[in-house]
Structures are given as structure tokens and as C-alpha cells.
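Reading through the C-alpha cells given below for one structure.
A, B, ... follow the sequence lines: proteins, then strands. Residue 1 opens every chain.
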Amino acid sequence: MANLAKLEDIVSLCKRRGFIFQSSEIYGGLASCYDYGPLGVELKNNVKKAWWKSVVHMHDNVVGLDCSILMHPLVWKASGHADKFADLIAECKSCNTRTRVDHLQNHAEEHTEHVNIDVELAATHDLSNKVCPKCGKVGNFTEPMPFKLMFETQMGANVDDSMTLYLRPETAQGIFANFKNVIDTTRVKIPFGIAQIGKSFRNEVTTKAFTFRTREFEQAEMEFFCEPGTDENWYEFWKEQRFNWYTELGIKKDNLRFRDHDPDELAHYAKACVDVEYKFPFGSGDWQELEGVANRTDFDLRQHQRGMRTLNSWYEQKGDLTQIQLKDEAEDYNKGPLSYFDEQAKKRFIPYVIEPSAGIDRSTLAFLVDAYDEEEVKGETRNLLRFHPALAPTKVAVFPLVKKDGMPDIAHNICKELKKYFTCFYDQAGAIGRRYRRQDEAGTPFCITVDGQTKEDNTVTVRDRDSMEQKRVSTDQLLNYLRDKLEI
RNA sequence: GCGGGUGUAGCUCAGUGGUAGAGCGUCACGUUGCCAACGUGAAUGUCGUGAGUUCGAAUCUCAUCACCCGCUCCA
């Protein structure tokens with residue numbers, strides 16, 4: 001990338017070109033919320049399409065799903081989010097710095113990430129010998145406070161009998177909740193995957209860095225179910241698949257890397273986890289996570305079997321999640337309702353799960369930043385977005401060289417015909433060079449120009465965004481030529 | 001939430017108590033036969049928002065909202 005040294009430059013580019021706007025901007029904005037403009041929505045949709053094609057359509061054993069954002073509250077009791085999806089934080093009274101309790105020095109023995117809220121609220125914490133990492137003061141902390149990271153909402157317009165629900169903090173649980181449905185209806189056999197793209201919500205303690213960490217965000221997740229013992233191989237398989245996806249769509253290899261999680265960094269459900277990180281031109285350490293690939297073991301399906309057994313107590317407590325405890329696992333949990341029967345081996349088991357979980361907003365931003373380029377052309381700076389054709393918001397622009405001699409009509413007809421196959425933009429305003437440069441900034445791979453020669457021999461020029469080179473192509477061959485170049 | 005910074009046209013910014021500006025971009029007309037050409041003209045501002053001080057506030061004070069950097073977090 002060139003000269004996008006700061007986040008402000010990216011924000012400015014996104015606004016200027018209609019990729020991303022601040023939400024509710026005319027009202028002064030709403031923290032952590034962003035809108036995708038005309039070019040942005042095309043780009044983001046293309047990112048999702050590319051993910052879906054790569055993860056679902058290119059694999060015989062992966063199917064898709066689109067489930068509701070609101071789910072039965074017990075889903076979140078079983079998954080652990082209702083009780084544990086919170087961070088325990090204490091504030092230093094001297095310097096007002098908030099620090100996770102387990103990050104306080106001399107305190108490594110107690111693991112307080114994803115704590116049990118009720119237990120922590122009741123418990124007393126002795127922080128008298130803990131050191132503030134910022135100012136060095138000892139034992140001068142507020143009582144630790146857990147932050148609930150799930151959004152709550154009400155279902156039912158009548159206040160008296162409405163039910164508290166959560167906006168999902170991840171799409172994954174909707175997949176686990178539909179595991180049985182998919183098994184029963186689609187003839188899939190293990191190993192197989194279920195993929196989903198959709199919005200998730202987390203009440204982050206702090207949001208920041210533009211669309212990088214927002215409270216409302218879009219995930220692309222796939223749960224790949226496999227036999228225990230084969231999970232480590234599949235972990236490696238998907239790790240590689242996912243990394244290559246980014247580079248095949250144009251992310252420069254130098255800007256992408258894996259980062260393995262340390263054992264003590266792993267979430268409560270994970271056996272292994274690796275991040276795919278992109279070197280963003282902002283933030284403290286530059287490298288920021290785009291995607292996590294995790295080995296979730298059989299944790300989630302087993303938890304939901306417990307959740308299913310808990311349904312009666314939930315009714316008895318009139319839906320008050322805080323009053324119930326998840327039922328223990330059955331002794332033969334391996335034969336439970338969410339188990340899988342292997343016909344060949346005549347064996348029943350709870351599958352292990354490998355989960356690639358990508359942030360769509362994050363990768364969209366990364367593709368945008370990575371595609372940005374500036375170059376010198378005859379003493380002028382040319383700004384362009386070198387999008388992979390699959391991601392480019394507009395694939396082709398069509399111009400008449402000048403707006404006379406019937407050129408606009410011919411160009412209009414070509415544009416109309418091409419629109420059947422891919423996004424196509426017509427422009428006749430201003431000098432031809434200016435129109436080329438406008439498309440460069442939008443990342444359009446090809447520009448087609450109708451000129452005086454077109455009427456004589458039925459050819460047009462096709463101008464390449466990256467090289468600025470032009471070729472004459474017959475209008476009969478134009479569609480094939482472009483499809484070949486665009487790989488569509 | 002705390003500390004630091006910022007907020008004026010679509011974008012980048014100038015304007016520090018006295019009639020809101022520039023460059024770029026956008027639009028129109030003319031010109032123009034391939035890389036941000038030229039000419040002429042035009043539109044666009046709750047000066048983030050709300051109070052206060054003042055004869056008078058973009059400018060001073062307070063509050064508030066949003067963004068950026070750090071703490072934190074993680075898709």
C-alpha cells in the first residue's frame with residue numbers, strides 16, 4: 001500500500017469514495033456503528049460471495065445455513081455465554097486505568113477471562129498486593145467489575161409477558177443448534193461442514209479503530225464436524241485453506257501472517273487456535289486479527305445436550321436464566337441426541353469441530369487498504385485501488401470517447417448488454433483521461449471506449465486498470481474477452 | 001470509563017472576538033479524438049450539538065456527541 005500511513009487516511013478515502021460512512025452522521029454519529037455506501041456495499045457483498053464460494057460451493061461436504069439472530073435463551077446458557085461471556089476488570093484509583101484482573105502483575109495464577117458473573121459478583125477479591133501496570137501503585141483498585149458482553153432485548157410488545165433475549169454474540173451457536181436438522185435432512189456424512197454469514201453483536205468494553213472493532217459486526221463462520229482423532233489434520237487443512245483465500249484474492253503475502261494462541265490464551269472451549277493477522281497501517285502493533293481458526297473439540301455439542309436436558313427447569317423457573325443451573329451430562333453422552341452414527345464403523349460419537357471464523361468487516365477493510373496504491377504518471381499522481389476482479393465493486397466502465405457522432409448510443413448499448421453479466425457503469429462526462437482516473441479510484445478493472453473507429457470495424461478499446469494499456473477488441477468478442485479476464 | 005488530541009463545504013485545510021474562505025472534487029455549457037487538458041459559469045456550510053459570557057462568538061467558558069492515539073479487547 002502507499003501513503004495510507006494512518007487510520008485517518010483510510011477513513012477519509014472510505015468517505016470520499018462512498019465506501020464507508022459513519023452511522024447516523026447527520027445526528028452527530030453513533031459510536032461504533034458504520035454504514036456501507038454504494039461502492040462499499042458492492043465490495044462487502046463481493047467479499048461475502050467470495051467466502052461462500054470458497055468455503056461452501058468449492059467443497060462437496062460443506063453446506064450453508066442462515067439462522068435467526070434471536071435464539072432461545074438456553075442456547076446462551078448452554079454455550080456458556082450467558083454466565084461467562086464477560087471480562088473481569090478493575091480500575092486503578094490512582095491513574096484510572098482499567099485492567100483485566102488477570103493481567104495485573106503477580107496475579108497470573110488466577111484465570112479471570114470469561115468469568116462466571118454470579119460467582120464473581122459474590123466473591124471478594126483481594127487485590128491488596130497487586131500492582132497497577134500503568135502507574136505502579138500497589139493495591140489501589142476499585143472492586144473488580146464484570147462486563148456483560150451480550151446485548152439484551154425484549155421479545156413481545158406486552159411488557160408483562162415479554163421475554164429477555166440476547167442478540168447473538170457469534171453465529172456459531174446457530175449452527176450447533178441446527179446440527180441435528182442438517183444431519184436429518186441433507187444426507188451429509190462426517191466429515192462435513194455447515195457455514196453461515198451474518199451479523200453478531202458484542203458490547204465491547206471499548207470500541208475503536210474504525211470498522212475494525214465494532215459492537216455490531218458481520219461474521220463468516222464454518223463449523224466443520226469430524227471424527228475425534230482426525231481433528232488435528234482438519235485443523236491444519238482449514239488453516240491453510242483460509243490463509244490462501246486471502247492471498248488468492250490479492251492480499252500481499254508480506255501483510256499476512258499466522259499467530260498461534262498461547263495455551264493460556266485459549267478460550268474455554270478451544271483445544272487450539274490460530275489467528276490470521278493482517279498488517280494494518282494503524283494501531284499499536286500493526287498486526288491485527290482478521291480471522292481465527294479454532295479447534296472447538298466436542299465442547300459445544302456436548303453443552304447443548306446438557307442444555308436440552310435443562311429445558312424443564314427453565315420452564316419451572318419461568319425463563320429466569322439466573323435461577324437455573326445447566327444439568328449434568330448423561331453418562332452415555334456419546335449416545336445423546338446430538339451424537340452422530342457412523343454407518344460404516346457402526347459407531348456413535350460426538351464429533352469434534354474445527355471452526356474458521358472470519359470477520360467480514362475486517363477483511364473488507366483489509367482488502368480495501370491492501371488494494372490502495374499511488375503511482376507517478378507523467379508527473380501526476382495516479383490513485384487507484386487494485387482490487388482482485390472478483391472483489392471490484394464495478395467490473396467494467398463504458399465510455400464514448402466524445403459525446404457526438406453517435407458514440408454515446410453505441411456505448412449505451414454495449415453497457416446495457418454487459419450489465420446482464422456483471423456490474424457495469426456508463427460515463428460520458430468530461431475528458432476521457434479524467435474518466436479513466438475516476439474508475440481507477442473506484443478500482444474498476446476495465447474501461448471500454450467507443451471511438452471513431454468503432455463505426456468502421458466494430459471494435460472498441462479495452463483499457464486495463466493496472467497497466468493502463470489498451471487493446472482493440474471486436475464487439476462480438478467483447479463479452480468473452482472480459483469474462484476471461486475477469487474470471488467470471 | 002480514564003489520559004492526550006481533534007471536530008469549519010463531499011475531501012484536505014486556512015481563518016483566534018467584528019459581513020465564512022482556498023485548493024481539489026461535483027454540476028452545466030462550450031471545446032476536446034485516449035490518460036486527473038482548457039475556457040466560462042454554478043451549486044454546496046445548523047463552523048459537531050446545546051448552553052453561557054459579550055453590543056457582537058467559528059474564535060472565549062462549560063456541558064455534551066463523535067472520531068483518533070494509549071490502556072483494554074478480539075471476528
Can you tell me the Watson-Crick or wobble partner of [N], both distances under 3.5 angstrom?
N	value
B:rA20	none
B:rU61	B:rA51
B:rG45	none
B:rA28	B:rU40
B:rA66	B:rU6
B:rG1	B:rC71

With a cut-off of less than 4.0 Å, is there a side-chain N or O of [X] near OP1 or OP2 of [N]?
X	N	result
A:Q288	B:rC74	no
A:S363	B:rA75	no
A:K15	B:rC11	yes

* Asked: Is there a donor in the side chain of A:Y436 and an acceptor in the side chain of A:T449, or the other way round, less than 3.5 Å apart?
  -> yes

* Does a side chain donor of either A:Q219 or A:S200 reach within less than 3.5 Å of an acceptor in the other side chain? -> yes

* To do: Would you kindly give the CG-to-P distance between A:D466 and B:rC35, to the nearest whole Å?
  => 18 Å

* Gap between atoms CD and P, on A:E374 and B:rU12 respectively (whole Å) ->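 Distance, rounded to whole Å: 14 Å.
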
Per [X] side chain, nearest of listed nucleotides [options]:
X	options	value
A:A31	B:rC34, B:rA75, B:rA66	B:rA66
A:D451	B:rA75, B:rC67, B:rC34	B:rC34
A:E289	B:rA36, B:rC34, B:rA75	B:rA75
A:N383	B:rA36, B:rC69, B:rA37	B:rA36
A:A431	B:rC11, B:rA37, B:rC35	B:rA37
A:Y34	B:rC68, B:rC34, B:rG33	B:rC68
A:R437	B:rA75, B:rA36, B:rG33	B:rA36
A:Q219	B:rC34, B:rC67, B:rA75	B:rA75

Gap in Å between the two [atom1] atoms, one belonging to [N] and one to [M], rounded:
N	M	atom1	value
B:rC47	B:rG15	C1'	10 Å
B:rG70	B:rU54	P	43 Å
B:rA43	B:rC29	C1'	15 Å
B:rU6	B:rG33	C1'	48 Å
B:rC69	B:rC34	P	45 Å
B:rC27	B:rG10	C1'	13 Å
B:rU16	B:rG52	P	26 Å
B:rG4	B:rA22	C1'	31 Å

Answer with base, sugar-phosphate or nothing: what part of the nucleic acid does [X] contact at a heavy-atom distance below 4.0 Å?
X	answer
A:I26	base
A:F399	nothing
A:S24	nothing
A:D405	base

* Where protein sits on nucleotides 20-31 of chain B, one letter per nucleotide: B base, S sugar-phosphate only, - none, heavy atoms under 4.0 Å -> -----SSS----

* Structure fact -> Of A:E221 and A:S12, the one whose nearest nucleotide on RNA chain B sits closer to the 5' end is A:S12

* Could you say whether A:S357 or A:E380 is positioned toward the 5' end of RNA chain B, judged by the nucleotide with the nearest heavy atom to each? => A:E380

Tell whether [X] reaches the base of [N] with its side chain through a donor-acceptor pair below 3.5 angstrom.
X	N	answer
A:D275	B:rC74	no
A:R463	B:rC35	yes
A:E8	B:rC68	no
A:E441	B:rA36	yes

* Would you mind listing every salt bridge (charged side-chain N to carboxylate O under 4.0 Å, His left out) that reaches into residues 385-397 of chain A, with sequence neighbours excluded? =>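 Sorted result for residues 385-397 of chain A: A:D373-A:R386, A:E375-A:R386, A:R386-A:D466.
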
* **A:E232 with A:K271: basic N within carboxylate O range, under 4.0 Å** =>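 A salt bridge is present here (some side-chain N lies under 4.0 Å from a carboxylate O).
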
* Asked: Do NZ/NE/NH1/NH2 and the carboxylate oxygens of A:K44 and A:E218 come within less than 4.0 Å?
  ->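 Yes.
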
* To do: Give a yes or no on whether A:E469 atom CD has more than 12 heavy-atom contacts from other residues, nucleotides or ligands under 6.0 Å away.
  => no

* **Donor-acceptor under 3.5 Å (A:S32 side chain, A:R215 main chain)** =>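 Checked: pair present.
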
* Give me the ring orientation class for A:H59 and A:W238: parallel if the planes are under 30° apart, tilted from 30 to 60°, perpendicular past 60°. =>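 Answer is tilted, since the angle falls between 30° and 60°.
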
* Looking at A:F212, does the NZ or CZ of A:R362 lie under 6.0 angstrom from its six-membered ring centre and within 45 degrees of the ring axis? -> yes

* **Side chain proximity check, A:D298 to A:V353, heavy atoms < 4.5 angstrom** => no

* **Aromatic stack A:Y436/B:rA36: centroid gap under 5.5 Å, interplanar angle under 30°** => no

